[in-house]
Amino acid sequence: MTRCAVFGTGSWGTAFAMILADAGCEVTLWGRRKELVDAINETHRNPDYLPHADLSDRVTATTDPAAALAGAEFAVLAVPSQTLRENLAGWAPLMDPGTVLVSLMKGIELGTAKRMSEVIQEVAGVGPERVAVVSGPNLAGEIANRQPAASVVACLDEAVAKRLQKACHTPYFRPYTNTDVVGCELGGAVKNVIGLAVGMADGMGLGDNTKATLMTRGLAEITRLGEALGADPYTFAGLAGMGDLVATCSSPLSRNHTFGTNLGRGMSLAETIAATKQTAEGVKSCESVLDLARRNGVDMPIVEAVVDVVHNGRPTQEALAALMARSAKPERR
């Protein structure tokens with residue numbers, strides 16, 4: 001039986017632990033709060049994040065990272081992206097030499113503008129063949145109800161991607177393999193920023209034309225950045241690109257969309273943060289995505305507008321007007 005450790009007891013970490021167990025793996029969830037860990041072990045549910053999802057008996061929880069990692073073939077990382085470096089520095093020495101590190105995180109590191117797989121390789125001292133990424137339209141609340149969904153498991157080593165695919169394939173969760181780690185990570189990280197923009201449009205009472213425009217031009221921005229960094233442009237037409245973007249921009253279950261909606265309704269950043277119980281990755285990553293784009297000479301006006309609203313206090317109406325006033329060009333990426 002495949003042993004897996006999942007670091008992070010939030011919604012997506014718990015849902016992915018459920019997937020792995022339903023696929024036949026033995027799973028240990030690591031959490032920092034003993035009371036939540038005890039509740040998971042006693043009730044086979046996560047009362048704080050997915051209270052209605054029944055977890056298999058093959059899922060146990062612990063606050064001890066060494067116990068979670070003992071014999072683990074896959075170490076799944078599901079913590080907020082800006083905390084990864086510090087957390088992984090403590091966990092990496094506990095891992096077996098052959099453990100594959102799997103990123104569920106969809107962010108870009110502030111300050112370094114590095115993708116999560118790059119941070120993992122640097123901190124854990126491993127090669128790209130031991131780092132995999134899971135990305136796609138995977139709203140945890142729907143997956144917790146075991147509704148059909150698909151995703152992409154990406155690794156530079158295709159054999160590793162296929163091993164992970166087998167470990168998380170269930171009747172309701174269909175994983176596809178890919179070797180384009182860069183494209184999958186960028187699709188997952190930047191779609192959160194576009195989700196904020198679409199949420200703002202919703203909050204302002206704007207209609208489907210506006211939202212479709214933001215999604216389509218947002219995808220163009222994602223693709224431009226991806227191509228500049230060597231990603232396969234076809235990746236952005238698939239689950240890790242368009243698929244994830246549509247789910248994030250359309251669903252009320254999306255944290256980033258909800259966060260943007262509150263801003264569009266006129267709530268301040270502090271009020272919106274106070275009303276948001278879980279991490280909306282795009283709020284911090286919008287700055288690092290813009291940093292990454294500027295380092296590579298890529299124009300990303302929607303991302304820039306989101307940064308202006310979220311971090312510079314620019315009114316949403318003013319940011320939208322500035323986007324609409326940009327000079328028109330032929331419709332190319």
Side-chain angles (χ1 to χ4, degrees), residues 106-108 113 135-137 180 182-251 254-261 263-264 280-283 285-312 314-333:
K106 297 179 177 180
I108 302 293
S135 194
D180 182 17
V182 175
C184 289
E185 284 191 291
L186 289 177
V190 186
K191 60 91 188 181
N192 286 329
V193 185
I194 308 304
L196 286 170
V198 173
M200 291 176 202
D202 254 338
M204 294 162 67
L206 300 174
D208 292 333
N209 288 335
T210 306
K211 290 180 281 186
T213 298
L214 288 169
M215 280 189 267
T216 306
R217 295 311 304 163
L219 184 63
E221 292 189 18
I222 295 170
T223 305
R224 280 201 300 270
L225 180 61
E227 288 186 306
L229 294 174
D232 182 346
Y234 285 102
T235 296
F236 303 112
L239 289 164
M242 176 60 80
D244 203 2
L245 181 69
V246 168
T248 296
C249 292
S250 305
S251 175
S254 164
R255 304 169 199 170
N256 292 281
H257 180 276
T258 301
F259 197 102
T261 300
L263 289 174
E281 288 283 10
V283 175
S285 284
C286 62
E287 289 186 293
S288 48
V289 168
L290 185 58
D291 180 18
L292 181 62
R294 287 173 171 169
R295 293 183 190 207
N296 289 276
V298 177
D299 186 32
M300 301 187 77
I302 297 175
V303 172
E304 188 168 356
V306 169
V307 172
D308 273 349
V309 171
V310 174
H311 295 287
N312 300 330
R314 191 176 197 181
T316 52
Q317 290 280 7
E318 187 179 308
L320 177 62
L323 281 173
M324 295 301 291
R326 284 172 56 86
S327 59
K329 300 176 181 179
E331 192 196 26
R332 301 182 62 200
R333 287 195 297 272

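- Two residues are said to be in side-chain contact when any heavy atoms from C-beta on lie closer than 4.5 Å; Thr248 and Ile194 fail this criterion.
- Here the closest heavy-atom approach between residue Ser254 and residue Ala247 is recorded as CB-O, 4.4 Å.
- Looking at Val306 and Val289, their side chains never come closer than 4.5 Å, going by heavy atoms from C-beta outward.
- Between Ser135 and Glu185, every side-chain heavy-atom pair lies at or beyond the 4.5 Å cut-off.
- Checked by atom type and distance alone, the side chain of Thr261 pairs as donor or acceptor with a backbone atom of Gly199 at under 3.5 Å.
- Distance OG1/Thr210 to CE/Met215: 10.5 Å, rounded to 0.5 Å.
- Residues Arg314 and Glu304 are not paired through a salt bridge, judged by the lack of any N-O separation under 4.0 Å between the basic side chain and the carboxylate.
- Between the Asn192 side chain and the Glu281 main chain, no donor and acceptor come within less than 3.5 Å of each other.
- Counting heavy atoms from C-beta on, the side chains of Val283 and Arg255 never come closer than 4.5 Å.
- For Asn209, the CG atom counts as loosely surrounded, since its 6.0 Å shell holds 12 or fewer non-hydrogen atoms of other residues, nucleotides or ligands.
- Within the 4.5 Å cutoff, the side chain of Leu320 has heavy atoms near those of the Leu206 side chain.
- Looking at Val193 and Met300, their side chains never come closer than 4.5 Å, going by heavy atoms from C-beta outward.
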Step-by-step side-chain contact (heavy atoms from CB on, under 4.5 Å) determination, Val246 to Met242: CA-CA 6 Å; Val246 168; Met242 176 60 80; 3.5 Å; yes
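- Looking at heavy atoms from C-beta onward, His311 lies out of side-chain contact with Leu290 at the 4.5 angstrom threshold.
- Atom CG of Asp308 is separated from atom OG1 of Thr316 by 12.0 Å, given to the nearest 0.5 angstrom.
- With rounding to the nearest 0.5 angstrom, the CG atom of Asp180 is 8.5 Å from the CG atom of Leu186.
- Here the closest non-hydrogen pair linking Ala197 and Ile302 is CB-CG2, 3.9 Å.
- Distance check, rounded to the nearest 0.5 Å: SG of Cys286 to CD1 of Ile108 gives 12.0 Å.
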Can you list the steps and then say if Glu221 with Val190 is a side-chain contact (heavy atoms from CB on, under 4.5 Å)? CA-CA 9 Å; Glu221 292 189 18; Val190 186; 5.7 Å; no
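- When the options Leu219, Leu245, Leu196 are evaluated for a side-chain contact (heavy atoms from CB on, under 4.5 Å) with Lys191, the one that passes is Leu245.
- Heavy atoms only, all atoms of each residue included: Phe259 and Ala280 are closest at CD1-CB, 4.1 Å.
- Taken from OG1 in Thr258 to CG in Leu263, the straight-line distance is 11.0 Å, to the nearest 0.5 Å.
- Of all the heavy atoms in Ala201 and Leu214, the pair that sits closest is CB-CD1, 3.9 Å.
- Side-chain atoms of Val303 and Leu225, non-hydrogen and from C-beta on, never get closer than 4.5 Å to each other.
- With Asp299 as the partner, the side chain to side chain donor-acceptor pair (under 3.5 Å) test is satisfied by one option alone out of Arg326, Arg294, Arg224: Arg326.
- Judged purely by atom type and a 3.5 angstrom limit, Asn256 uses its side chain to pair as donor or acceptor with the backbone of Gly282.
- Nearest heavy atoms, Gly188 versus Lys106: O-CB, 3.4 Å.
- Shortest non-hydrogen contact noted between Gly187 and Phe236 is N-CE2, 4.0 Å.
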Please determine whether side-chain contact (heavy atoms from CB on, under 4.5 Å) holds for the pair Arg295 and Leu229, giving the CA-CA distance in whole Å, both sets of side-chain angles, and the decisive distance to 0.1 Å. CA-CA 11 Å; Arg295 293 183 190 207; Leu229 294 174; over 6 Å; no
